[in-house]
Amino acid sequence: MGKMMLLLSTLGISLCLFSLIPSALGIWLTLPPSGTKCVSEEIQSNVVVLTDYVVIPDSSSLHPTIGAKVTSPYGNNLYYKENTTHGNFAFTTQETGNYLACFWVDPHYLGGKEISVSLDWKTGIAAKDWDSVARKEKIEGVELELRKLEGAVEAIHENLLYLKGREAEMRVVSERTNARVAWFSIMSLGICIGVSGLQLWHLKRFFQKKKLI
Amino acid sequence: MEQTQWKRSSKMWMVLACLMMSFFSSIESLSVTVNDVECVYEYVLYEGDTVSGNFVVVDHDIFWGSDHPGIDFTVTSPAGNTVNNIKGTSGDKFQFKAPTHGMYKFCFHNPHSTPETVSFYIHVGHIPSEHDLAKDEHLDPINVKIAELREALESVTAEQKYLKARDARHRHTNESTRKRVVFYTVGEYLLLAGVSALQVIYIRRLFSKSVAYNRV
């Protein structure tokens, strides 16, 4: 009985401490009273994305609700929810491209003011669930922090390789464009000469036919 | 016996809680379309935190090279003072020490009517100072070192995100160049052929019987 009380009290203390951390750890967006506001990010394939959004309550008594939508680069609707004040959504990207998250104010809300939405958008290493890793491998404290740092370093390495690949692709396109500029300009000169030659030949034949030459 | 157990478990929770709070740092990296003014808010927990980030204007459909003057970027503190102000740029990095804790406003202003897409990245980093160390005896100096390491790695990540956004913008320009080369040269050929055909037709008309060719 005493042990239970102790456990509960420590849990209570820790919960109080954790609640000091603001629940809105992301950025805040202001939604206009009409229209949609969208944020996007270009994400590679096979990356975990965690989204968490909360409508920041106004000082007034009105409870605004919003709609949220997440679309993939090919236009598929990955998430759609209307008339809500909060929500979270997680997915793994299938394609590389621009992922769009759009928010709009519910038309039923007649406040007419701008609504603040707190959006927490985490991709890749930031979306990793360190609590489950800590529980599974039974590590905590400094070792967990060092493990997180190791994860960050690996993510940096991956990003660097990705940037390298992108640079190589762009270099190919640049070189191809460079070659094309040269070829097309020479061809343009050739077409110019060819067309004017055709002109001269045609006009000569025409005048000869008209017996003017 | 129970007293020491209490102390031990509470110590563990305190350490975990303090570690969680001292290593709190937020990362946001997104793109937003700026029509006129777009503001993004980020909460800074502690005074003295380093707020760093970068932004790049990605969707830049300029026709001539020096057409668009860029966008303006302003950071406002919760007290209302302008902390940082960058004018007329197509992308830049920024870093400042937050004078107070609270909600900071990061605004992008587009002086032109064409909407631009801005890709930005904001990071709030906190390193426990000596004051925090003195306040909480469970906080080791190693936590400070780990926080410093984390901040250094975050700065590398920030630089990579900046490079990625710049690469996207460069790719956009490259694609535009490629398309321009193909379309404009093919258009030029067709125009050349068309103009010379028109020339021939005009000269033929000048010599036709319907238009008094005696004039020529």
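Every value quoted in this text rests on a predicted model; they were computed, and no experiment measured them. Throughout, a chain's letter reflects where its sequence line sits, starting with A, and its residues are numbered from 1.
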A:Tyr80 ring center near A:Trp104 ring center (under 6.0 Å): yes
For chain A, the option from B:Val32, B:Val195, B:Val40 that forms the most heavy-atom pairs under 4.5 Å: B:Val40
Ring-ring centroid check B:Phe73 B:Phe120, cutoff 6.0 Å: no
A:Phe91 ring center near A:Tyr99 ring center (under 6.0 Å): yes
Sub-6.0 Å ring centroid separation between B:Phe55 and B:Phe106: no
Set of residues satisfying side-chain contact (heavy atoms from CB on, under 4.5 Å) with respect to B:Arg204, sequence neighbours excluded: A:His202, A:Phe206, B:Val200
Most chain B-contacting option - heavy-atom pairs closer than 4.5 Å, from A:Ile156, A:Val195, A:Asn98: A:Ile156
Partners passing side-chain contact (heavy atoms from CB on, under 4.5 Å) against B:Asp72 (at least two apart in sequence or in another chain): B:Lys87, B:His109
side-chain hydrogen bond (donor to acceptor under 3.5 Å, both in side chains) pairs, two or more places apart, involving residues 177-190 of chain A: A:Ser188-B:Glu188
Side chain, backbone, both or neither of A:Leu203 within contact of chain B (heavy atoms, under 4.5 Å): side chain
Closest-packed option against chain B by number of heavy-atom pairs under 4.5 Å, given A:Ile191, A:Leu29, A:Leu198, A:Val153: A:Ile191
Validation row, ring centre B:Tyr41 to ring centre B:Tyr43 under 6.0 Å: no
Pairs of heavy atoms under 4.5 Å with chain B: top-ranked of A:Thr123, A:Val173, A:Leu160: A:Leu160
Atom group of B:Ser196 that falls short of 4.5 Å from chain A, counting heavy atoms: both
Most contacts with chain B, counted as non-hydrogen pairs under 4.5 angstrom, among A:Gly194, A:Ser174, A:Ala152: A:Ser174
For chain A, the option from B:Thr177, B:Leu192, B:Asn174 that forms the most heavy-atom pairs under 4.5 Å: B:Asn174
Side-chain donor or acceptor of A:Asp129 paired with backbone N/O of A:Val133 under 3.5 Å: no
Residues of residues 34-45 of chain A within contact distance of chain B, non-hydrogen under 4.5 Å: A:Lys37, A:Cys38, A:Val39, A:Ser40, A:Glu41, A:Glu42
Aromatic ring proximity B:Tyr46/B:His126, centre distance under 6.0 Å: yes
Residue part contacting chain B, namely of A:Ile125, when any heavy atom lies under 4.5 Å: neither
